[in-house]
Asks: 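Structure in structure tokens, see below.
Computed from a predicted structure; not experimentally measured. Index from 1, following the sequence.
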Amino acid sequence: MKHHLTRPHPDLIAGVVVILASVLLMLRAGTMPAMTALLPFAMLGALIVLSLVMIVRALMRDADPETARPDVFDSRNRFFGVCAAIGLYVAAVALIGFYTSTVIMIPAVSWAFGFRKPVPLALATAIFVGGIALIFHVLMGQDLPAEFFAR
């Protein structure tokens with residue numbers, strides 16, 4: 001009997017890496033004051049849950065071809081585009097501020113990756129940025145990186 005070694009599914013690998021990174025970041029967030037750590041814990045917890053879904057989906061895909069869905073890494077260009085967008089966003093937040101960067105990046109990245117409906121993009125951007133402002137600035141009294149025009 002021949003043993004056929006197959007490579008692990010990329011979604012399985014990605015899910016495990018995201019879970020490990022999230023747990024490490026949760027350990028770091030645990031040293032923050034309780035109110036400050038609340039959002040990182042919530043977001044990292046959500047990442048863990050979504051990664052578990054991705055892992056289960058990858059395992060189901062291997063077991064039953066009927067449940068096959070496109071891979072997260074089905075295109076190298078898209079993957080590297082996402083990595084570049086994240087790097088650009090981090091740099092933009094530091095250089096021009098959180099709100100300005102976010103208002104520019106959400107629609108720009110969405111548009112670049114194929115979502116081209118202006119009204120939902122504008123609405124999603126406004127809801128996200130408004131929600132972040134409400135949570136951090138109003139409810140928690142925390143300032144995010146200052147805007148370039150307010151420095």
Side-chain angles (χ1 to χ4, degrees), residues 7-62 67 69-151:
R7 290 180 26 195
H9 194 280
D11 288 359
L12 182 66
I13 296 167
V16 170
V17 169
V18 170
I19 289 171
L20 291 174
S22 295
V23 169
L24 289 173
L25 290 170
M26 279 182 158
L27 293 173
R28 185 165 179 185
T31 63
M32 298 176 176
M35 284 301 288
T36 305
L38 184 61
L39 184 65
F41 270 107
M43 294 182 78
L44 291 167
L47 270 176
I48 290 171
V49 170
L50 292 172
S51 295
L52 288 170
V53 169
M54 189 167 64
I55 289 169
V56 168
R57 192 180 84 183
L59 294 172
M60 287 174 52
R61 179 183 179 266
D62 289 342
T67 61
R69 299 225 167 97
D71 294 341
V72 170
F73 300 111
D74 64 345
S75 166
R76 273 190 193 175
N77 290 340
R78 289 177 75 84
F79 174 75
F80 289 120
V82 168
C83 292
I86 291 169
L88 183 62
Y89 180 65
V90 169
V93 168
L95 293 173
I96 63 175
F98 175 80
Y99 295 109
T100 305
S101 299
T102 304
V103 165
I104 293 169
M105 289 299 286
I106 289 174
V109 170
S110 298
W111 193 276
F113 286 97
F115 188 81
R116 300 206 163 106
K117 296 180 181 178
V119 173
L121 275 176
L123 190 59
T125 302
I127 290 170
F128 182 79
V129 173
I132 292 293
L134 178 69
I135 291 167
F136 279 97
H137 190 68
V138 177
L139 298 176
M140 295 173 61
Q142 299 289 318
D143 291 325
L144 295 169
E147 303 306 307
F148 67 96
F149 53 81
R151 293 179 189 160

Asks: Can you name the closest pair of heavy atoms from Phe149 and Thr100 and give their distance?
Replies: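 Looks like CE2-OG1, 3.8 Å.
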Asks: side-chain contact (heavy atoms from CB on, under 4.5 Å) for Val129 and Tyr99? Distances and angles first, verdict last.
Replies: CA-CA 7 Å; Val129 173; Tyr99 295 109; 3.6 Å; yes
Asks: Taking distance alone, no hydrogens or angles, what donor-acceptor pairs closer than 3.5 Å link side-chain atoms of residues 12-35 to residues at least two apart or in another chain?
Replies:
from: Ser22; atom 1: OG; to: Val18; atom 2: O; distance (Å): 2.8
from: Thr31; atom 1: OG1; to: Arg28; atom 2: O; distance (Å): 2.7

Asks: Measure the spacing between OH of Tyr89 and CD1 of Ile106 and express it to the nearest 0.5 Å.
Replies: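 Tyr89 OH to Ile106 CD1: 7.0 Å, rounded to 0.5 Å.
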Asks: What are the two closest heavy atoms between Leu95 and Phe148, and how far apart are they?
Replies: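 Residues Leu95 and Phe148, closest heavy atoms: O-CB, 4.1 Å.
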Asks: State, yes or no, whether a side-chain contact exists between Thr102 and Ile132 at a heavy-atom distance under 4.5 Å.
Replies: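 No, side chains not in contact.
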Asks: Output the distance between atom CG (Leu123) and atom CD1 (Ile127), rounded to the nearest 0.5 Å.
Replies: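 Taking CG in Leu123 and CD1 in Ile127, the distance rounds to 4.0 Å.
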Asks: Mind checking the CE-OG spacing from Met105 to Ser110? Nearest 0.5 Å is all I need.
Replies: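 It comes to 9.5 Å.
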Asks: Just verifying a value: how many Å separate Leu47 CG and Leu52 CG, rounded to the nearest 0.5 Å?
Replies: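 Taking CG in Leu47 and CG in Leu52, the distance rounds to 11.0 Å.
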Asks: Would you indicate whether Met140, at its atom CE, is surrounded by more than 12 heavy atoms from other residues, nucleotides or ligands within a distance under 6.0 Å?
Replies: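 Result for CE/Met140: enclosed.
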Asks: At their closest point, which heavy atom of Ile104 faces which heavy atom of Ile96, and how far apart are they?
Replies: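 That closest heavy-atom pairing would be CD1-CD1, 4.3 Å.
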